[in-house]
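Notes follow once the structure below has been shown.
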Amino acid sequence: MTVPSVVVHRDADVLAKAVAARLITRLVDVQSAKGSASLVLTGGTVGHATLAEVAATPARDAVDWRRLDVWWGDERFLPTGDPERNETGARKALLDKVDLDPARVHVMLGPDSGLTAEESAARYAEELRAAARPEDHGPVPRFDVLLLGMGPDAHVASLFPEMPALYDERPTAAVHGAPKPPPTRITLTMSSIHAAREVWVVAAGAEKAGAVRLALSDAGPVQVPAAGARGQSRTLFLLDRAAAAKIPASLVRPASP
Ligand SMILES: O=C(O)[C@H](O)[C@@H](O)[C@H](O)[C@H](O)COP(=O)(O)O
C-alpha cells in the first residue's frame, strides 16, 4: 500500500476546483497512455461539488468521455431518480453534461430493480468481474482513480467503523443500519478500494479534522476505515485547511496561498 500524500487547499471551494483540475488532467494523461480510463465516484457534498467543478471547467472537453468507465464506490439503496441517490447527484453535477457512453456508466441498482440490497451488491460484483482484464489480477478492474469522500467518523464509501462490510472478503457488500442515512446501502469493500491505482480521499471542514488525523495514522481500518483507503501506486488526501487542522505540521505544506 502507498503512503498518502497530503495536499491542503485554502477552503472547500478552492479544494473542489483544484481536485476537478487534477482529475481532468489525470484522466487526459491516462487516456493518452492507454486509450480509456476508469473512474470511481463518491457521494456526498464534496464529491458532488468536485464533479460540478469538472463540468464548469472548459478543459473538461479534453477528456474523451466516450472512453471513460464510471463506477461508484457506494450507493444509497433508493429508487432510480431519488434525489438522495449518489447517481442522481452525479448526473446532475456532471454526467448529464458530458457525452458518456451509457454502456460504460455502471450504476448500483436500487430497489426498483426488484433486487434486494444483497442481490444488487452481487450483481455489481458480477459487473466488476466482467470488466476486469487478466492483467488486473483480481475480481475488479484496476480503477485509474477512485474518489472517496470521508465522514467525521472516518467512514469512506459506505464502510462505517466496526460494521460487517469491513470484514467482507467479497468485492461488494450490502450495508444495513448505516449510521449515515439512508440506512441501506451498497458499497465497494476495502479489497476493491485497494485494487485502484490511485485513491483520492477528498475532505473539507473542521468536523473532518479528527478523522483525517486518524486516517493518516497507523490506525486499523476497522475502527478507522479511511486509514485503509490506500491505492496501489498513489494515495492522495486532498483537504481544505479546516480538515487538515489536526495533522502534524511536518506532514503538510499548504498548496493554496
Ligand atoms: O453515500 C455517501 O454519503 C458517501 O459516499 C459518503 O461516503 C460521503 O462521501 C461521506 O459521508 C462524506 O460526505 P460529505 O462530503 O457530504 O461530508
Side-chain angles (χ1 to χ4, degrees), residues 12-32 35-115 117 120-121 123-124 127-128 130-131 140-141 143-149 156-158 172 180-182 184-188 196 198 200-204 238:
D13 183 52
V14 173
L15 173 66
K17 288 176 169 60
V19 176
R22 180 186 293 272
L23 183 59
I24 289 168
T25 301
R26 186 71 196 131
L27 294 178
V28 169
D29 285 355
V30 169
Q31 289 183 329
S32 304
S36 64
S38 59
L39 171 63
V40 181
L41 301 181
T42 182
T45 49
V46 178
H48 290 153
T50 298
L51 297 184
E53 291 295 350
V54 170
T57 306
R60 81 186 206 195
D61 294 339
V63 176
D64 182 346
W65 296 99
R66 298 294 293 186
R67 291 189 299 165
L68 178 70
D69 277 299
V70 176
W71 303 88
W72 271 267
D74 72 331
E75 185 58 276
R76 291 93 177 273
F77 193 60
L78 297 166
T80 303
D82 187 297
E84 285 304 303
R85 268 180 70 89
N86 291 334
E87 174 199 4
T88 309
R91 289 191 185 282
K92 182 164 173 274
L94 173 64
L95 306 188
D96 288 349
K97 300 173 180 174
V98 289
D99 181 28
L100 290 159
D101 176 353
R104 301 182 78 158
V105 179
H106 309 274
V107 301
M108 291 174 164
L109 297 176
D112 51 321
S113 66
L115 299 176
S120 176
R123 171 75 63 87
Y124 208 72
E127 200 165 339
L128 287 163
V140 304
F143 309 113
D144 293 299
V145 177
L146 187 146
L147 296 172
L148 290 171
V156 290
S158 287
T172 61
K180 176 179 182 181
T184 307
R185 293 158 168 259
I186 314 292
T187 190
L188 296 187
E198 298 200 9
W200 301 3
V201 178
V202 188
L238 304 171

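Residues Arg123 and Glu127 are not paired through a salt bridge, judged by the lack of any N-O separation under 4.0 Å between the basic side chain and the carboxylate. Look at Asp64 and Arg67 and you find a salt bridge, because one of the NZ, NE, NH1 or NH2 atoms lies within 4.0 Å of a carboxylate O, short of that distance.
The only option from Val46, Leu15, Val201 that meets the side-chain contact (heavy atoms from CB on, under 4.5 Å) definition with Leu238 turns out to be Leu15. With Trp65 as the partner, the side-chain contact (heavy atoms from CB on, under 4.5 Å) test is satisfied by one option alone out of Val70, Asp101, Leu100: Leu100.
A ring-ring contact (aromatic ring centres under 6.0 Å, His included) check over residues 89-110, counting only residues at least two apart or in different chains, returns the pairs Trp71-His106. For residues 19-31, every residue pair satisfying the salt bridge (charged side-chain N to carboxylate O under 4.0 Å, His left out) rule, not counting sequence neighbours, is listed here: Arg26-Glu198.
Ala55 and Ala93 make their closest contact through CB-O, 3.3 Å (heavy atoms, listed as atom of the first residue, atom of the second, distance). When all heavy atoms are compared, the tightest approach of Glu84 to Leu78 is CB-CD1, 3.4 Å. Among all heavy-atom pairs drawn from Val107 and Arg91, the shortest one is CG1-NH2, 3.9 Å. Here the closest heavy-atom approach between residue Tyr124 and residue Thr172 is recorded as CD2-CG2, 4.1 Å. Val156 and Gly149 make their closest contact through CG1-O, 3.6 Å (heavy atoms, listed as atom of the first residue, atom of the second, distance). Shown here for Ser36 and Arg104, the closest heavy-atom pair between the two residues is CB-NH2, 3.4 Å.
Rounding to the nearest 0.5 Å places CG of Leu27 at 6.0 Å from CD of Gln31. Rounding to the nearest 0.5 Å places CZ of Phe77 at 8.5 Å from CG of Leu109. In this structure, CG on Leu95 lies 10.5 Å from OG1 on Thr88, to the nearest 0.5 angstrom.
Taking 4.5 Å as the limit, some side-chain heavy atom of Val145 sits within range of a side-chain heavy atom of Leu23. Inter-residue side-chain proximity for Leu147 and Val40 is flagged as unmet; no heavy-atom pair is nearer than 4.5 Å.
A donor-acceptor contact shorter than 3.5 Å is absent between the side chain of Asp144 and the backbone of Ala37. Using a distance-only test at 3.5 Å, with no hydrogens or angles considered, a donor-acceptor pair links the side chain of Ser113 to the main chain of Leu115. Judged purely by atom type and a 3.5 angstrom limit, Ser38 has no side-chain atom pairing as donor or acceptor with the backbone of Asp69. Formation of a donor-acceptor pair under 3.5 Å by the Thr50 side chain with backbone atoms of Ala20 is not found in this model. Between the side chain of Thr42 and the backbone N or O of Leu148 there is no donor-acceptor pair closer than 3.5 Å. Remark: side-chain polar atoms of Asn86 are paired, donor with acceptor, to backbone N or O of Asp74 under 3.5 angstrom.
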Could you please spell out the steps behind the side-chain contact (heavy atoms from CB on, under 4.5 Å) verdict for Glu53 and Asp13? CA-CA 9 Å; Glu53 291 295 350; Asp13 183 52; 3.8 Å; yes
I would like to know whether Leu188 and Leu146 meet side-chain contact (heavy atoms from CB on, under 4.5 Å); could you show each step before the answer? CA-CA 11 Å; Leu188 296 187; Leu146 187 146; 4.1 Å; yes
Residues Leu39, Trp72; criterion side-chain contact (heavy atoms from CB on, under 4.5 Å); working and verdict: CA-CA 8 Å; Leu39 171 63; Trp72 271 267; over 6 Å; no
So Asp96 and Lys92, salt bridge (Lys or Arg N to Asp or Glu O under 4.0 Å) or not? Walk me through it. CA-CA 6 Å; Asp96 288 349; Lys92 182 164 173 274; over 6 Å; no
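Scanning for side-chain contact (heavy atoms from CB on, under 4.5 Å) contacts around Lys180 gives Arg76, His155, Phe160, Arg185, with sequence neighbours left out.
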